[in-house]
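Structure first, then comments.
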Amino acid sequence: MKFMKTNQYLLIMTILFLFLGLCPQITEAQTVKGTNVKKVEIGRTSAKEGTLVQSGPKEWTHYHGDGRLFVKYRENGRDEWSVYLSSSRFSSVIINLWLKTFVMKQGNSVFYSGKILSSSLQATNANVKAVKFYSRASLTLAQARNIAAQNGWELATPAQVVAAWQNKGLNAFAYGMTSNGTYCVPIQQNNGSFRRGHNCGVSGGNQGFLYVVKNQSGNTASTSTINRSAAVAKKRSPLTPNEMARVMKWISIKTSAARLPFCWRQSYGRTAGKPMVCQAGYKQETAGLCYQPCKAGEKGVATFCYRNCPAGFRDDGLYCGKPKAYGRGGGYPWKIGDRVGSLDGARARCSRANPQGCEKYGAIIYPKCRAGFKPAGSNICSPICPSGYTDIGVSCKKPNYSRDVKPLTRCAGGLQKDGALCYPKCRNDYTGRGPVCWQNCPVQQNVDCGAGCATTKGQCAKAVFNMTSAPIIAALKIAGLVATAGASSAATGGAAAAAKGSKLAASSPKLIKLASMLSKIKKLYEANKQTIKVAAGTYKVVTALQSEVNLFSKEFADNFGDMTTPEIEKEIDRRFSREAALAIKKEWAVHHISMNMEANTITTSKNFISVASVADPTGLSSVVNAFLNPLCKESTPFPTVRPKF
């Protein structure tokens, strides 16, 4: 019994010992200290004003409360409860987890003093959103947000970029715009002038934007949605999503140009013209001419440079009027007491009274004239003309020489000459005509028609008449035309006239079949729209709808040249393999379905028709486009892409 009690005692003591030995380790593993902290949130009150994240070995990144990059720090050391940082801007930054304080100093002055609101052992959230890069140069923040919204995305915050990069789920060697307009270049390995890192806060580039998919969890998109390309066929795409979008845009604009053979050039004002200036080294003076500047101490008059008059002389234009002459008295003659026959006595008397000296004139000694004067007769001192000036008596003629003259020929400040005035340079693809910049004819309508552009010379003559005479009622009946595959009574008058050049007749079996398939898809969509999630290129589709989409896209692709133009189909077939070209044609078919699902008014129907939908048997879409969208689009050459197969 005693033995059992002893064993029980030893067992209890052993368990207690193990517990006491293990508990400190467990507690320490769960406690955030200076030795293991990787992320803190700070603020003066309970409101978060910033976040500090360990972004690399011996490196921390400080973000504003809204996610904007503030500053990067070097980690100088740690102890049990504190982390010590610094940067080129802040000499001392201390994270104190014991006191829950955060202090930033510039020299001996406190720049910021706040509280630690939370701390974490993880530098990133466990549930990191996948950040992706959208490639398109020179977008404004507003344009980037608009594109993201159209595709069901959101621009990534700098914090999301940092988190995705730290999770090794992001590598995009490009300047990617984030939600606040700043840029990141997130790379996993050193590349060129950038070192491995998220590189948030850099400036320059503007090559696209970084985004996350709305309602996305983890690193992959929701399995309850499918890409609209996948709705066509469960095959890999020959192009990246960005490349495919550019090809779709090219097809859209080229097809619209075929349906819209004439367009008005776009234009914008570039301010009133400014006069031209002189070329370097010349100065404008009179009569709109530029003269070579005269030297210092000279004045220009027309094509000559004249020397200025010296002090005391009156400026009479080409002459310098002399100062007044003055008399130098009656002089010092011989007098009784002087040695007979000698003027030495007279000279001595003159010299004592006139320090400037004396001189003999006739039989009398006179004081010498002051500097700048000379004797004129016996007792008059007249002004002397300066060297180079011609003495003509009462005046001195100015010396002169001819100078070079040139017309006004140069525009200042990067301005551009047009006629006799200078204007700001026009944007690319625009040409200046006086104060207006006019769009150059785009490649899809490359025939110059004055204020407009056309696909052929013949279209120039009739374009204006066709557009102004198009029946307005046709635009209002466009939805009916779509639904009835061309049987609408709207195909009359101007619309009927436009039908003569149509590729497909209203009764074409191909068109009827496609229109019927499209109608079935629309009905399925309407019947199931409460369960179909439509959002930026992705659809949660029912099986029946997916099947119909696949059938429609194949039929559409088989008649691609009729639905667009033979020239467009030829270009697609030339640039891609047979399999890749078929995938692109099917993608274009789904492009129509996407818009048709959204079309419920003339406004959205107009968008649907503007890219040459299947419901264009009469050429009516040409009339509608001419009426609604008469302006030329930008030039759209075939985009540079790298097909995967």
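Residues take their numbers from the sequence shown, with the count starting at 1.
- Checked against side chain to side chain donor-acceptor pair (under 3.5 Å), Tyr112 has the following partners two or more places apart in sequence or in another chain: Glu49.
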Could you pull out all donor-acceptor pairs under 3.5 Å where a side-chain atom in residues 98-107 meets a protein atom, sequence neighbours excluded?
none

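- No more than 12 heavy-atom neighbours from other residues, nucleotides or ligands sit within 6.0 angstrom of NZ on Lys38.
- Under a cut-off of 6.0 angstrom, the local environment of CZ in Arg246 is crowded, with over 12 non-hydrogen atoms contributed by other residues, nucleotides or ligands.
- Residues meeting the side-chain contact (heavy atoms from CB on, under 4.5 Å) test with Arg642, sequence neighbours left out: Glu243.
- Applying the side-chain contact (heavy atoms from CB on, under 4.5 Å) rule to Gln188 yields the partners Trp165, Lys168, Asn171, Arg196; only residues at least two apart in sequence or on another chain are considered.
- Few gaps surround NZ on Lys644; more than 12 heavy atoms of other groups in view lie less than 6.0 Å from it.
- Note: Met177 CE to Asn206 CG = 4.5 Å, rounded to the nearest 0.5 Å.
- Side-chain contact between Phe556 and Lys586 is absent, with no heavy-atom pair separated by less than 4.5 Å.
- A search for salt bridge (charged side-chain N to carboxylate O under 4.0 Å, His left out) contacts involving Arg270 returns Asp418, not counting sequence neighbours.
- Contact between Asn96 and Ile116 at its shortest, heavy atoms only, is O-CD1, 3.5 Å.
- For the pair Val212 and Ala130, the tightest heavy-atom approach, listed with the atom from each and the gap, is CG1-O, 3.4 Å.
- Looking at heavy atoms from C-beta onward, Ser55 lies out of side-chain contact with Lys72 at the 4.5 angstrom threshold.
- You'll find the side chain of Val83 stays beyond 4.5 Å of the side chain of Leu52, heavy atoms only.
- Arg78 contributes a side-chain N or O that, together with a main-chain N or O of Val37, makes up a donor-acceptor pair within less than 3.5 Å.
- Smallest separation of non-hydrogen atoms from Pro643 and Val641: CD-O, 3.6 Å.
- By the ring-ring contact (aromatic ring centres under 6.0 Å, His included) test, Phe173 is found to be paired with no residue, residues two or more places apart in sequence or in another chain being considered.
- Here the OG atom belonging to Ser179 is positioned 15.5 Å from the OH atom belonging to Tyr211, to the nearest 0.5 angstrom.
- Note that the OG atom of Ser553 and the CD atom of Glu587 stand 9.5 Å from one another [nearest 0.5 Å].
- Here disulfide (SG to SG under 2.5 Å) pairs that include residues 181-214, with residues two or more places apart or in two chains, are Cys184-Cys200.
- Remark: Lys39 NZ to Trp60 CH2 distance equals 11.0 Å, nearest 0.5 Å.
- Contact between Val161 and Ala156 at its shortest, heavy atoms only, is CG2-CB, 4.0 Å.
- One side chain, Thr182 or Asn180, offers a donor N or O that lies under 3.5 Å from an acceptor on the other.
- Inter-residue side-chain proximity for Tyr268 and Cys426 is flagged as met; some heavy-atom pair is nearer than 4.5 Å.
- At a threshold of 4.5 Å between non-hydrogen side-chain atoms, the residues Ile251 and Ile584 count as touching.
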**OP:** Under the side chain to side chain contact (heavy atoms under 4.5 Å, CB included) rule, what do Leu141 and Leu155 come out as? Steps first, then yes or no, please.
**Re:** CA-CA 9 Å; Leu141 180 57; Leu155 265 63; 3.7 Å; yes
**OP:** Could you check Phe576 against Leu239 for side chain to side chain contact (heavy atoms under 4.5 Å, CB included), going step by step and ending with a plain yes or no?
**Re:** CA-CA 10 Å; Phe576 298 97; Leu239 303 173; 4.0 Å; yes
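- Residues that satisfy the side chain to side chain donor-acceptor pair (under 3.5 Å) test with Ser91, not counting sequence neighbours, are absent from this structure.
- A pairwise comparison of heavy atoms in Tyr63 and Pro158 identifies CE2-CB, 4.2 Å as the closest pair.
- To the nearest 0.5 Å, the span separating OH on Tyr73 from OG on Ser92 amounts to 10.5 Å.
- Residues satisfying the side-chain contact (heavy atoms from CB on, under 4.5 Å) criterion with Leu117, sequence neighbours excluded, are Lys48, Lys115.
- Under the rule for a side-chain contact (heavy atoms from CB on, under 4.5 Å), the partners of Ala174 that lie at least two apart in sequence or sit in another chain are Phe133, Gln207.
- Using modelled atom types, one side-chain atom of Asp79 and one backbone atom of Ser82 make a donor-acceptor pair closer than 3.5 Å.
- The side chain to side chain donor-acceptor pair (under 3.5 Å) check on Asp429 picks up nothing, with sequence neighbours excluded.
- Taking the side chain to side chain donor-acceptor pair (under 3.5 Å) definition, one finds that Tyr175 meets it with nothing, sequence neighbours left out.
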**OP:** Might you work through the side chain to side chain contact (heavy atoms under 4.5 Å, CB included) test for Glu75 and Gln54, ending with a clear yes or no?
**Re:** CA-CA 9 Å; Glu75 182 183 308; Gln54 185 178 358; 4.3 Å; yes
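- Of all heavy-atom pairs between Tyr430 and Gln439, the closest is CD2-N, 3.3 Å.
- Residue Asn190 qualifies as enclosed at atom CG: its count of foreign heavy atoms under 6.0 Å is above 12.
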Subject >> Worked verdict on Ser87 versus Leu85 for side chain to side chain contact (heavy atoms under 4.5 Å, CB included) >> reply: CA-CA 7 Å; Ser87 70; Leu85 311 171; over 6 Å; no
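- Between Thr31 and Leu97 there is no side-chain heavy-atom pair separated by less than 4.5 Å.
- Of the inter-residue distances, the one linking Leu415 atom CG with Tyr423 atom OH reads 10.5 Å to the nearest 0.5 angstrom.
- The side-chain heavy atoms of Lys132 and Trp153, taken from C-beta on, include no pair separated by under 4.5 Å.
- The closest side-chain heavy-atom distance from Ile572 to Trp588 is not below 4.5 Å.
- A perpendicular orientation is assigned to the rings of Phe70 and His62, their planes being inclined by more than 60° (bins at 30° and 60°).
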